[in-house]
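For reference, the structure is listed below as structure tokens.
Whatever order the structure lists them in is the order used to number ligands and atoms, beginning at 1. Residue numbers run from 1 in the order of the sequence given.
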Amino acid sequence: MKLLAAFSLLIMVFNFRIPQFDSGNAVGVSHSQGHILETQSYVPRQVVVYVQFSAAFETVPQVFISQNKVDSYEGSIGFNQRVGLITQKGFLVHSIALTSQSLIQLYFYWIAMCDDRVQVINFNTYDVKQLRTITGQREVLFQIDHNFQEATRGLISLNGVKFFYLTYLVIELKIVEITSQKITISGASYAQSLVDYISFSVLLGTDKSLWTSSLYTVINLPADYFPNIQIDFPSDYSSYTLTPLATWRGYSTDNRYNLRIWLMNVALNTKITYTFWAWGDSVVYAIFHSAGLYVFDTNHKIFDENCLELFSECDFQGESILVCQKIPNLSIKGWSKIVKSLTIPKQKTVNLFTKENYQGEKDIFTENQQCMASTVLSINFQPLISYIRILYLNNYNCPTVKFYSQCNFQGTLFQITKGQIVKQSNKIPFEIKSINICSNVVVHLKNPNYFESKPQEFTTSQSCITSYKFPKYVQPT
Ligand SMILES: *[C@@H]1O[C@H](CO)[C@@H](O)[C@H](O)[C@H]1NC(C)=O
């Protein structure tokens with residue numbers, strides 16, 4: 001495990017952060033522990049483990065996990081591993097059995113990142129359409145919205161699946177398209193294989209933060225044999241810290257034997273290398289896999305998502321001031337420097353004036369400026385207007401809506417009870433990831449950063465809002 005920490009001195013002077021990451025392998029459940037996934041048969045049953053980071057992050061990171069060991073008896077197999085509560089110090093992983101079948105081991109790899117050039121998307125569904133029919137070759141497309149406009153690359157990991165008992169277990173996932181708003185995932189199966197549920201994670205990145213390989217397949221993995229997988233990667237990234245990633249995207253196995261596969265020894269030298277292993281009592285016809293590199297750049301700066309920042313030197317250096325609303329006289333805030341560079345949140349516009357009270361010459365900017373020279377005495381900048389509006393329709397029994405900072409109703413809780421007035425987002429202390437909503441209640445969330453700036457409407461509980469990023473409120477300075 002390694003963690004590249006930020007230079008704490010810089011943090012005191014500037015408002016921006018630099019990326020941080022940490023990674024490792026972990027065990028969800030292992031053999032001879034007598035854990036309930038192995039010894040019990042009720043459904044669902046889960047075991048939760050806590051993974052602690054080697055050092056605390058400055059803010060809550062995103063966590064991508066990829067399953068790398070599955071060890072189950074034959075039969076109607078079903079399991080899932082997913083990330084639960086994430087804090088600055090660590091995170092929870094839930095290993096879940098979805099059938100009565102005994103699950104012996106589930107291991108996973110994890111990487112936690114505070115980096116605005118990556119985004120983790122988790123998805124699971126029982127709505128697998130034709131994958132639930134048993135004839136022939138089938139492919140289903142899943143479209144998932146995201147708000148990571150710069151995304152160009154993605155790495156997918158199959159982290160959960162449920163099959164009905166038939167001779168073959170076949171599932172293959174791949175990313176077919178990444179646009180600035182959506183990713184399209186294909187799920188395929190063939191022969192006599194009946195898929196009931198799938199769960200996967202995608203690590204999305206840009207050309208600069210993520211490199212991804214072609215799609216590969218290991219065919220007919222013999223028992224007790226370690227294929228030596230070696231993947232070339234471009235030399236463009238030699239000046240960065242690279243973390244090798246390897247994921248399985250699916251497999252084709254014989255259900256009359258135990259499902260037991262292990263992706264191991266992921267390493268980086270002149271190539272990305274790893275291997276697979278199957279036990280003597282499993283029959284693996286194919287493992288679908290792919291690899292990638294997380295590119296960690298210590299020179300990358302993460303600027304404020306909601307506020308403007310002015311710098312006294314080019315390249316976002318020198319002294320700085322954070323601006324979260326309009327300011328009629330910048331001198332009162334103690335700023336008298338020439339502005340040599342500035343950062344602007346996405347989809348925002350700023351007007352800089354050479355005189356106080358929005359007088360003098362006006363410069364309009366919509367993008368970060370790496371090098372400029374302006375005397376600025378007043379700034380017109382609209383603060384973010386985000387709000388929560390709740391309509392109670394004949395609802396008397398359950399008048400409270402609960403908002404959580406994490407998926408699955410975990411993390412920090414913020415609640416609004418009927419009768420309370422919540423005017424603006426300055427009452428909302430965090431980014432909302434899940435909401436508990438009773439019947440006959442309508443919740444509107446408005447986030448102006450979202451390019452369609454109409455409010456999002458929810459009438460049922462949301463266990464994980466991935467397509468809608470409600471901005472974390474920043475107290476204006
Ligand atoms: C702006 O603030 C500075 C410092 O407090 C003050 O000297 C100056 O008169 C102010 N300008 C206006 C137009 O109010």
Side-chain angles (χ1 to χ4, degrees), residues 6-19 58-59 114 116 149 299-389 414 421-431 445-451 453 455 469-477:
F7 308 115
S8 53
L9 240 178
L10 275 183
I11 298 303
M12 293 196 290
V13 179
F14 298 117
N15 293 302
F16 63 75
R17 295 175 289 119
I18 65 168
E58 274 178 64
T59 59
C114 275
D116 62 351
Q149 290 185 298
N299 292 317
H300 176 69
K301 297 172 178 126
I302 303 170
F303 296 111
D304 199 282
E305 284 175 60
N306 304 311
C307 300
L308 183 76
E309 190 165 2
L310 310 180
F311 297 84
S312 64
E313 300 295 336
C314 291
D315 298 318
F316 320 113
Q317 312 261 351
E319 286 181 38
S320 83
I321 181 171
L322 199 65
V323 176
C324 302
Q325 61 195 347
K326 49 163 55 178
I327 299 181
N329 185 354
L330 208 52
S331 311
I332 292 175
K333 302 274 174 194
W335 180 268
S336 55
K337 300 269 188 311
I338 304 277
V339 175
K340 295 265 183 73
S341 56
L342 66 88
T343 64
I344 301 177
K346 280 173 206 162
Q347 289 137 36
K348 296 295 289 182
T349 301
V350 63
N351 298 335
L352 302 183
F353 298 87
T354 54
K355 297 227 163 95
E356 289 103 335
N357 299 317
Y358 322 112
Q359 306 289 318
E361 283 171 43
K362 176 163 96 168
D363 276 326
I364 302 174
F365 295 107
T366 54
E367 285 180 343
N368 291 357
Q369 300 295 311
Q370 207 168 356
C371 204
M372 58 188 278
S374 293
T375 303
V376 181
L377 284 180
S378 58
I379 299 177
N380 192 355
F381 177 65
Q382 289 305 319
L384 291 175
I385 300 173
S386 326
Y387 63 77
I388 294 177
R389 184 173 289 154
F414 168 69
I421 297 160
V422 181
K423 278 192 197 138
Q424 291 255 315
S425 62
N426 56 4
K427 297 276 168 71
I428 307 163
F430 50 78
E431 185 179 314
L445 295 185
K446 169 108 165 54
N447 173 0
N449 255 3
Y450 198 58
F451 41 91
S453 65
K469 200 174 176 206
F470 198 76
K472 187 180 277 182
Y473 181 75
V474 173
Q475 194 73 43
T477 49

Provide, to 0.1 Å, the distance between atom 4 (C) of ligand 1 and the closest protein heavy atom, together with that atom's residue and name.
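Scanning the protein heavy atoms, the shortest distance from atom 4 (C) of ligand 1 goes to S331 CB, 3.9 Å.
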For atom 5 (O) of ligand 1, which protein heavy atom lies nearest, and how many Å away is it?
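Result for atom 5 (O) of ligand 1: I332 CG1, 3.7 Å.
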N329, any N or O under 3.5 Å of ligand 1 N or O
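It does: an N or O of N329 is found under 3.5 Å from an N or O of ligand 1.
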Original post:
Is any N or O atom of N357, backbone or side chain, closer than 3.5 Å to an N or O atom of ligand 1?
Top reply: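 Looking only at distances, the answer is no, because the N/O contact criterion of under 3.5 Å is not met.
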_K301 side chain to D315 backbone, donor-acceptor under 3.5 Å_ =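 Pair found, side chain donor or acceptor close to backbone of D315.
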Exercise for review: Would you verify that at least one protein heavy atom lies under 4.0 Å from atom 7 (O) of ligand 1, or report that none does?
Suggested key: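 Answer no: nothing from the protein, no heavy atom, is under 4.0 Å.
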Does the side chain of E309 pick up a donor-acceptor pair with the side chain of S320 at under 3.5 Å?
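Checked: E309/S320 side chains pair up, N/O donor to acceptor below 3.5 Å.
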Report task. Any chance you could measure L342, atom CG, to F316, atom CZ, to the nearest 0.5 Å? Result ->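 Going from CG on L342 over to CZ on F316, the span is 7.5 Å.
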Reported CD1-to-OG1 distance for the pair I302 and T343, which is rounded to 0.5 angstrom: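 Result: 12.5 Å between the selected atoms.
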_With L310, the side-chain contact (heavy atoms from CB on, under 4.5 Å) member among I338, L322, V350, L330_ =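 The side-chain contact (heavy atoms from CB on, under 4.5 Å) with L310 is passed solely by L330 among I338, L322, V350, L330.
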